[in-house]
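Residue numbers start from 1 in every chain, and the chains themselves are labelled A, B, ... in the order their sequence lines are given, proteins ahead of strands.
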2 protein chains.
Amino acid sequence: MRHVAALAGVGIKTVSRVINDEPGVSDATREKVLSASRQLNYQLDMAAGSLRRAGRRTLSVGLLLPSVSNPFSGEINRAIEDALGARGIAVFAASLDDDPQREQDIVAAFLGRRVDGLILTPIARSQAYVIPEHSRDLPLVFIDREPVGVEADAVVTDNAAGSARAAAHLISRGHTRLAYLGDRTDIQTARERRRGFIEEIGRQGIPTSMIPVRENLHDEESARLAVLELLTAAEPPTAIFSSQNLITFGAMRALRELGLSKRVALIGFDDFTLADMMDPGVTVIAQHPERIGKLAAERLLARIDGDQQPPHTYVVPSELIQRGSGELRPPA
Amino acid sequence: MRHVAALAGVGIKTVSRVINDEPGVSDATREKVLSASRQLNYQLDMAAGSLRRAGRRTLSVGLLLPSVSNPFSGEINRAIEDALGARGIAVFAASLDDDPQREQDIVAAFLGRRVDGLILTPIARSQAYVIPEHSRDLPLVFIDREPVGVEADAVVTDNAAGSARAAAHLISRGHTRLAYLGDRTDIQTARERRRGFIEEIGRQGIPTSMIPVRENLHDEESARLAVLELLTAAEPPTAIFSSQNLITFGAMRALRELGLSKRVALIGFDDFTLADMMDPGVTVIAQHPERIGKLAAERLLARIDGDQQPPHTYVVPSELIQRGSGELRPPA
DNA sequence: CTACGATCGGACATCGTTGTCAAATATATC
DNA sequence: GATATATTTGACAACGATGTCCGATCGTAG
């Protein structure tokens, strides 16, 4: 900047004024400065600026996702980028990979870079470690799951209600022998999905003690094995609800191996590409990652802009998409 | 930092020494400082540090992808994050969305944040705009496509060779009436894929002038319509090569509509989830995004560490994965 | 007890920018 | 032409850290 000032023959503060579009600069001077700046290929150093600027805004935020390679996370990432990019805010994205320690490490790395806010998918048992920062007014929004140990905004899917809708849908097609396939029980959303599913079955007057619940499935293979076992036992279920994508895939494989794809009903939580190209198409409870991301970004911006409302959890409704597998009826 | 120094009763430089693990501090002093730092919940400000530090490293890099929500980009993103995260480097990820103007804008935003390097998927007609920075020693690695107008490292898939392999594979199964479905011709990789495919057909002694080439397909629907048209015309092709994921999906839909999924061979460029669950499974030329990302990150780190070799383009080989659709033979 | 090297600690300038404030210049008013 | 006022402009300190360099302290040998 001093070089630009020297070349233009003005003071550095004047350069600063031109670059930042502050008023009080004559057109002639402005032109001189801009020309010098172009000539030197000058680039403002935002970091140095935010050091001095009121509020110390760095125009960057940290985003912590299960994994940037996960399509669901990718959609969220994209929606957040779009909403924040419009304000000139850049996003540090990081993956936590089911590792609670990484969660804290990455948050520390973000804080060291003086981000203006954080959007986090919590996984550690407690997020109390951010209390000091949050009470120093660091904007904070959680997505997918609510935080534990700290009060902050959160944007989540209606996990229990969505799963209840799946149960009701299957029951309305005449099923009474339902099975539940769940993710690791230390994940809050997994517990919510089970609760919603089971409670709805109870509400509909079906004894829930008979419902097979297979949990702690975290990949395709374990889900496939669980379904093979369920379906080859006595009194096999006529309908299956799988609470997560990989589990749905495992279930689909097992059904295909047994030649039961068109006889055993299946509803998966989470939509996926080509679900409609399967045979039959796979009925799902679809989440809306783009809405979750957009809402989270909007809440974060509001907080950055000084919104002082008490923290609130925003629920984004899921949606039942019928494609065939969830509409199969039980054998007569 | 001054607060920590005050609380610990030492000078601020001593605090800096402790935080940065520099030698020349007694254990007693170190302990005092650490304790004060914990008490105040102190966090080093990296931006301020890099202002003064030799080399001005900010420990952050910019990553520009077609879209963070695209699974292929997601894999690359993840591999890069892993490789750079190990060195404490954070990643700004942004999507360019087929918009050449965005490419420049986002690069400018990255530069303003004084990133230590850039990994870019080029899309604009020329990347000459980064020449000033690059010649000032800004490390730069391109992925997926080679840059135009600037000499820098690049990491790409063997697009032509992979497509040639697809052609050879189909011909070895007895096909002579092949069709090519391509993306927008202003995309370098799309042109490469066409070239590889067509040239291999010529090498195998089949007249290439008869090969229907349908290009500038950029979404599922346009690809579906193109395939419907191809297959209902006189002398329809017996094998189709689609040069990109969405186009492959469109082709699959068209084949299914016409009931030809098991009669017309199909090979797609790019692997995708559940390809093996289709009926028949979809044979693909798979790219290796995780290898591309890892290699790009390694090259960037080498450049950051001062590697001065002349720029080089690294080619990551693709792989033919047989799943059935590409092994169908032409009707006798 | 002094001299000396090794160790430890702090004062100060500096990085690139912006906020403050006052000086310089231009313009308007009488 | 003199004064008042508005507009431009720049000098300087400060943001939070680190590099440089010098001074203080300590232990030990002579």
Side-chain angles (χ1 to χ4, degrees), chain A residues 1-34 36-37 40-60 88 108-109 111-116 133 136 138, chain B residues 1-37 40-60 88 108-116 133 136 138:
Chain A
M1 182 145 149
R2 49 209 292 156
H3 300 113
V4 176
L7 179 59
V10 301
I12 65 173
K13 177 66 212 195
T14 300
V15 177
S16 169
R17 270 191 273 258
V18 172
I19 302 287
N20 291 28
D21 254 325
E22 287 173 42
V25 182
S26 69
D27 287 347
T29 312
R30 160 172 283 105
E31 206 34 66
K32 267 194 300 186
V33 170
L34 287 178
S37 144
L40 294 177
N41 214 267
Y42 171 73
Q43 264 280 339
L44 182 73
D45 185 329
M46 293 190 39
S50 66
L51 201 55
R52 193 72 176 75
R53 199 192 334 270
R56 296 207 195 313
R57 295 284 164 72
T58 56
L59 293 184
S60 59
L111 293 176
R113 287 174 178 82
R114 291 295 182 272
V115 292
D116 294 340
E133 306 298 333
R136 273 186 218 164
L138 177 78
Chain B
M1 183 143 147
R2 50 211 290 157
H3 300 114
V4 176
L7 179 59
V10 302
I12 69 172
K13 177 66 213 195
T14 301
V15 176
S16 168
R17 270 192 272 259
V18 172
I19 302 287
N20 290 7
D21 255 326
E22 288 172 40
V25 181
S26 68
D27 288 347
T29 312
R30 161 174 278 101
E31 206 34 65
K32 265 194 301 184
V33 171
L34 287 178
S35 141
S37 143
L40 294 177
N41 213 267
Y42 172 72
Q43 266 277 340
L44 183 73
D45 184 329
M46 293 190 38
S50 65
L51 202 55
R52 192 77 176 72
R53 199 193 333 270
R56 299 213 190 311
R57 295 287 163 71
T58 55
L59 293 184
S60 58
F110 287 158
L111 293 175
R113 286 174 178 82
R114 291 294 183 271
V115 293
D116 294 340
E133 306 298 333
R136 273 185 218 164
L138 177 78

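Annotation for R2(B): atom CZ does not count as buried by contact number, only 12 or fewer foreign heavy atoms lying within 6.0 Å.
In this structure, the side chain of R52(A) does not engage the main chain of A48(A) through any donor-acceptor pair within 3.5 Å. Put simply, the side chain of R113(B) gets close to the backbone of L59(A): a donor and an acceptor are under 3.5 Å apart.
With rounding to the nearest 0.5 angstrom, the CG atom of L40(B) is 8.0 Å from the NE2 atom of H3(B). For the atom pair CE of M46(B) and CZ of R57(B), the computed distance is 11.5 Å after rounding to the nearest 0.5 Å. Atom CG of L138(B) is separated from atom CG of D116(B) by 8.5 Å, given to the nearest 0.5 angstrom.
Contact detail for M1(B) and V15(B): the closest heavy-atom pair is CG-CG1, 4.0 Å. Nearest heavy-atom pair, A47(A) versus A47(B), reported as atom, atom and distance to 0.1 Å: CB-CB, 3.9 Å. The heavy-atom pair separating A8(A) from V33(A) by the smallest distance is CB-CA, 4.1 Å.
Scanning DNA chain C 5' to 3' for nucleotides with an atom closer than 4.0 angstrom to a non-hydrogen atom of chain B gives a first and last hit of dC8(C) to dG16(C).
A side chain to side chain donor-acceptor pair (under 3.5 Å) check over residues 13-30 of chain B, counting only residues at least two apart or in different chains, returns the pairs S26(B)-T29(B).
Atom pair K32(A):NZ and dG10(D):C1' shows a separation of 13 Å (rounding to whole Å applied). Computed from coordinates, the E31(A) CD to dT9(D) C1' distance equals 18 Å when rounded to whole Å. Separating the CG atom of D45(B) from the C1' atom of dA17(D) is a distance of 7 Å, rounded to the nearest angstrom. Atom P of nucleotide dA14(D) and atom CG of L51(B) are separated by 17 Å, given to the nearest angstrom.
Contact annotation: R56(B) does not reach the phosphate of dT18(D) (side-chain N/O to OP1 or OP2, under 4.0 Å). Here R52(A) does not reach the OP1 or OP2 of dA13(D): none of its side-chain N or O atoms lies under 4.0 Å away.
Between K32(B) and the options V10(B), L7(B), V18(B), V25(B), a side-chain contact (heavy atoms from CB on, under 4.5 Å) holds for only V10(B).
Taking the C1' atoms of five terminal pairs at each end of the helix from dC1(C)-dG30(D) to dC30(C)-dG1(D), the two resulting helix axes are inclined by 50°, rounded to 10°.
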Distances under 3.5 Å between protein N/O atoms and the N/O atoms of nucleotides 22-24 of chain D, please, pair by pair.
none

Review point. Could you go step by step and tell me if N41(B) and R136(A) meet the side chain to side chain contact (heavy atoms under 4.5 Å, CB included) rule?
Key: CA-CA 11 Å; N41(B) 213 267; R136(A) 273 186 218 164; 3.3 Å; yes
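Each of V10(B) and M46(A) lies near DNA chain C, and the nucleotide nearest V10(B) is the one positioned closer to the 5' end.
For residues 11-29 of chain B, proximity to DNA chain C is found at G11(B), K13(B), T14(B), R17(B), G24(B), V25(B), S26(B), T29(B), defined as any non-hydrogen atom under 4.0 angstrom from a strand atom.
Partners of R114(A) according to the salt bridge (charged side-chain N to carboxylate O under 4.0 Å, His left out) rule, which considers only residues two or more places apart in sequence or in another chain, are D45(B).
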